[in-house]
Visitor: 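Mind looking over this structure? Questions follow.
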Amino acid sequence: MIHSTRATGRPRPTRRDVLGMAAALGAGALVFDAPFARAQVKGGELRVSQYSNPSSLDPSTGRSGADHTVLWTIYDTLVDFSPDLKPMPGLAESWEWENETTLVLKLRQGVTFHDGEPFNSAAVQANFDHAKNGPRSTIRQDWASVDSVEARDDHTVALNLSEPDGALVMVLSDRAGMMASPKAIRESGEAGFDRTPVGTGQMKFVKWDDAQQVVTERNESYWREGMPHLDGITFVIITDNQTGLRSVLSGQNNFVYRVPPVRVEEVSKNPDFTTYIGPQLYVQMVYFNLSEGRGPMEDVRVRQAINYAMNKEAYNTIVTSGNGEIAHCQFPKATEAYTDEIGAMYPYDPDRAKALLKEAGFGGGLKLVSNHYSDPQSAQRMEIIAAMLEAVGITLENTVAAVAQSNKTWNEGVGDIHLSAWTGRPDPAMTLSLLFHKNAYYNKGGSEPSVELTEAIDETRRLVDAEKRMESIHRAIRLERENAMCLPMVFEPQIITHANNVKGWEPNIIGKPRYGGMWMES
């Protein structure tokens, strides 16, 4: 069931848009309310069941895609995006390419940070420096093409590029475009800003009780007229999705995303709640550690064998009750980045997997160290994957921890494989450069199994012509798949349940809820 209500400040997707997105993953029946039947009211607290403790509340140092839903309440981005990922004005009210290597942004006037500091060109320069040169930055690759940020006046900045970058506008709708108070960054210190965020967003940070909750309150000086409607948003950290859903059904919280697919039929029949099912970019996947010295994982035949060993149809049936889409790469069939050639590359073929392992010298068996989260859903998923690997001669030694600790352990180089997810990015080139480029944060050890792949990823950013750029994206995806740098498994359906008095939420194809324009019916 899909329920759609109005979200002030962003264009609401048309019925045709949502129908098209839903059809892409077989979303099922659609139900719509009259979007303007009730006027928005101020007040009320939105309580969100958040499945992951943030890794950081500094956009430049975060390590988890799950951070976005919290970050978007505290920070605005230079470029906004529509539900179907089209660029829209944000803190930059307009932009234009002066030439192929100069992007000029006209900044919105009259905007202040939560600490009262003005948002202006100097703030954009400071954020660029923090993100590109900060010793703990995880988004340097996002800014790789930008040599400097030039302040032409208080509200005009020019991004001077070393080479053309066709993805840059949408890059500025993600972490790289989240603007933080330069004064707060200076006063907090390099690490302190992780936990004391100051942005220009609809909500001001109040406190973060680690692994328990993140509390925010209304920004009374917000620049979007009449917004926000809510008094505040509290993110209650509940890492088990079944428990998170129960917290909403019992009234403890009133909004939950990543609802377990096995509960959809039950909750969609509950008249006190609204449930949405639709497509998203969120893909369950197994990351590979290709660091030098990892032994077996450095051999492409081992990585290819792991891909051939997976019966993804069976996995999808068990894990998403058949509601997901088999993942052949990081892009679902509904996107332009997907091609049938890529989809045909790794059919389920355990005999082929065994032959590749034997060819690589592991015909007698292979033992790998895995890293995954401790919640029941992750444990079930790894159990299925482990059984499929065992069937071709690969056994796993498991390292298990809660999400934040597991990610930290993996980022420190512990383990050969890591079961997690890729939560998607606004532009395909961002996904490719963040996951597979030799300089990417998520590429453990800075592996470069193919110089040709690195060049192809660079080209996805350099090209500006849309058709040629998409050809380059297809080439980069094919080269990654040939090198088998990861194991994509299944695109989860986007499933969200909220109490009926929660109004104004709308879906987006990324699948990460944004709470702008939401309100509570009294």
Side-chain angles (χ1 to χ4, degrees), residues 53-68 70-72 74-79 90-92 103 105 107 113-115 117-151 157-162 165 167-168 170-201 205 208 210 214 404 407-408 410-413 423 425-426 430-431 433-435 437-446 461:
N53 191 45
S55 62
S56 168
L57 294 180
D58 178 349
S60 295
T61 63
R63 303 174 300 278
S64 171
D67 297 347
H68 281 80
V70 181
L71 296 174
W72 277 323
I74 299 169
Y75 301 97
D76 292 312
T77 49
L78 288 170
V79 177
L91 288 175
L103 179 64
L105 308 177
L107 305 181
F113 290 101
H114 298 153
D115 59 3
E117 291 293 297
F119 168 71
N120 52 27
S121 297
V124 177
Q125 288 178 310
N127 274 267
F128 165 75
D129 182 66
H130 178 60
K132 188 160 184 176
N133 302 316
R136 299 169 59 249
S137 175
T138 59
I139 61 170
R140 290 190 189 91
Q141 190 62 26
D142 285 349
W143 284 104
S145 65
V146 182
D147 276 343
S148 65
V149 175
E150 170 195 353
V157 294
L159 308 188
N160 299 311
L161 281 59
S162 57
D165 186 351
L168 185 58
M170 287 305 287
V171 166
L172 299 178
S173 73
D174 200 76
R175 287 179 182 269
M178 294 181 184
M179 294 291 101
S181 164
K183 177 183 177 183
I185 294 173
R186 290 194 306 270
E187 293 181 349
S188 299
E190 182 59 40
F193 193 67
D194 286 6
R195 306 190 69 89
T196 56
V198 179
T200 65
F205 174 76
W208 177 7
D210 197 46
V214 177
N407 286 340
K408 181 175 183 293
W410 174 251
N411 290 326
E412 290 171 350
T423 60
R425 293 297 185 271
M430 293 178 66
T431 287
S433 62
L434 288 170
L435 284 177
H437 196 279
K438 65 178 181 178
N439 298 325
Y441 172 78
Y442 294 98
N443 180 355
K444 293 300 103 184
R461 297 289 295 263

Visitor: Specify the closest pair of heavy atoms between M170 and P426, including all atoms of both residues, with the distance to one decimal.
Guide: CE-CB, 3.3 Å
Visitor: Rounded to the nearest 0.5 Å, how far apart are CZ of F193 and CG of L57?
Guide: 9.0 Å
Visitor: For S56 versus D67, what's the shortest heavy-atom pair and its separation?
Guide: O-OD2, 3.6 Å
Visitor: Does a side-chain heavy-atom distance below 4.5 Å link I139 with Y441?
Guide: no
Visitor: Hey, does F119 have a side-chain heavy atom less than 4.5 Å from the side chain of V124?
Guide: yes
Visitor: Under 3.5 Å, is there a donor-acceptor pair between the side chain of R425 and the main chain of T431?
Guide: no
Visitor: Roughly how far, to the nearest 0.5 Å, is the CG atom of D174 from the CG atom of L434?
Guide: 8.0 Å
Visitor: In Å and rounded to the nearest 0.5 Å, what is the OG to NZ distance from S137 to K132?
Guide: 10.5 Å
Visitor: If only atom types and distance count, is the side chain of S55 paired as donor or acceptor with the main-chain N or O of R63 below 3.5 Å?
Guide: yes
Visitor: Please name the pair of heavy atoms, one in A151 and one in Q125, separated by the smallest distance, quoted to 0.1 Å.
Guide: N-NE2, 3.5 Å
Visitor: Would you check if the side chain of T138 reaches a backbone N or O of G62 as a donor-acceptor pair within less than 3.5 Å?
Guide: yes
Visitor: Taking side-chain contact (heavy atoms from CB on, under 4.5 Å) as the criterion, tell me which of D115, T200, N127 meets it with S181.
Guide: D115
Visitor: Got a donor-acceptor contact below 3.5 angstrom from the N443 side chain to the H437 backbone?
Guide: yes
Visitor: Where do P54 and W208 come nearest, in terms of heavy atoms and distance?
Guide: O-CZ2, 3.2 Å
Visitor: Quick check for you: to the nearest 0.5 Å, what is the distance between D210 atom CG and R195 atom CZ?
Guide: 4.5 Å
Visitor: Of all the heavy-atom pairs spanning P118 and A123, show the shortest one and how long it is.
Guide: O-CB, 4.4 Å
Visitor: Please round to the nearest 0.5 Å and tell me the distance separating atom CZ of F113 and atom CG of D76.
Guide: 9.5 Å
Visitor: Does D58 pair with R136 as a salt bridge, N-O distance under 4.0 Å?
Guide: no
Visitor: Flag the pair L105 / L107 as yes when at least one side-chain heavy-atom distance between them is below 4.5 Å, and no otherwise.
Guide: yes
Visitor: Would you find a donor on one side and an acceptor on the other, under 3.5 Å apart, between the side chain of S188 and the backbone of I185?
Guide: no
Visitor: Hey, does M178 have a side-chain heavy atom less than 4.5 Å from the side chain of H68?
Guide: yes
Visitor: Begin with the C-alpha distance, continue with both residues' side-chain angles, and end with the deciding distance and a verdict on side chain to side chain contact (heavy atoms under 4.5 Å, CB included) for L71 and R175.
Guide: CA-CA 9 Å; L71 296 174; R175 287 179 182 269; 3.5 Å; yes
Visitor: Is there a side-chain contact between L103 and L172 in this structure, where contact means two heavy atoms from C-beta onward sitting under 4.5 Å apart?
Guide: yes
Visitor: Contact between L91 and Y75 at the side-chain level, heavy atoms closer than 4.5 Å - yes or no?
Guide: no
Visitor: Can you confirm whether K183 sits close enough to V198 that some side-chain heavy atom of one is under 4.5 Å from a side-chain heavy atom of the other?
Guide: no
Visitor: Rounded to the nearest 0.5 Å, how far does CG of N53 lie from OG of S64?
Guide: 9.5 Å
Visitor: I want to check something: taking the side chain as every heavy atom from C-beta on, are V146 and L168 in contact at a cut-off of under 4.5 Å?
Guide: yes
Visitor: Side chain of R461, backbone of D142: donor and acceptor closer than 3.5 Å?
Guide: yes
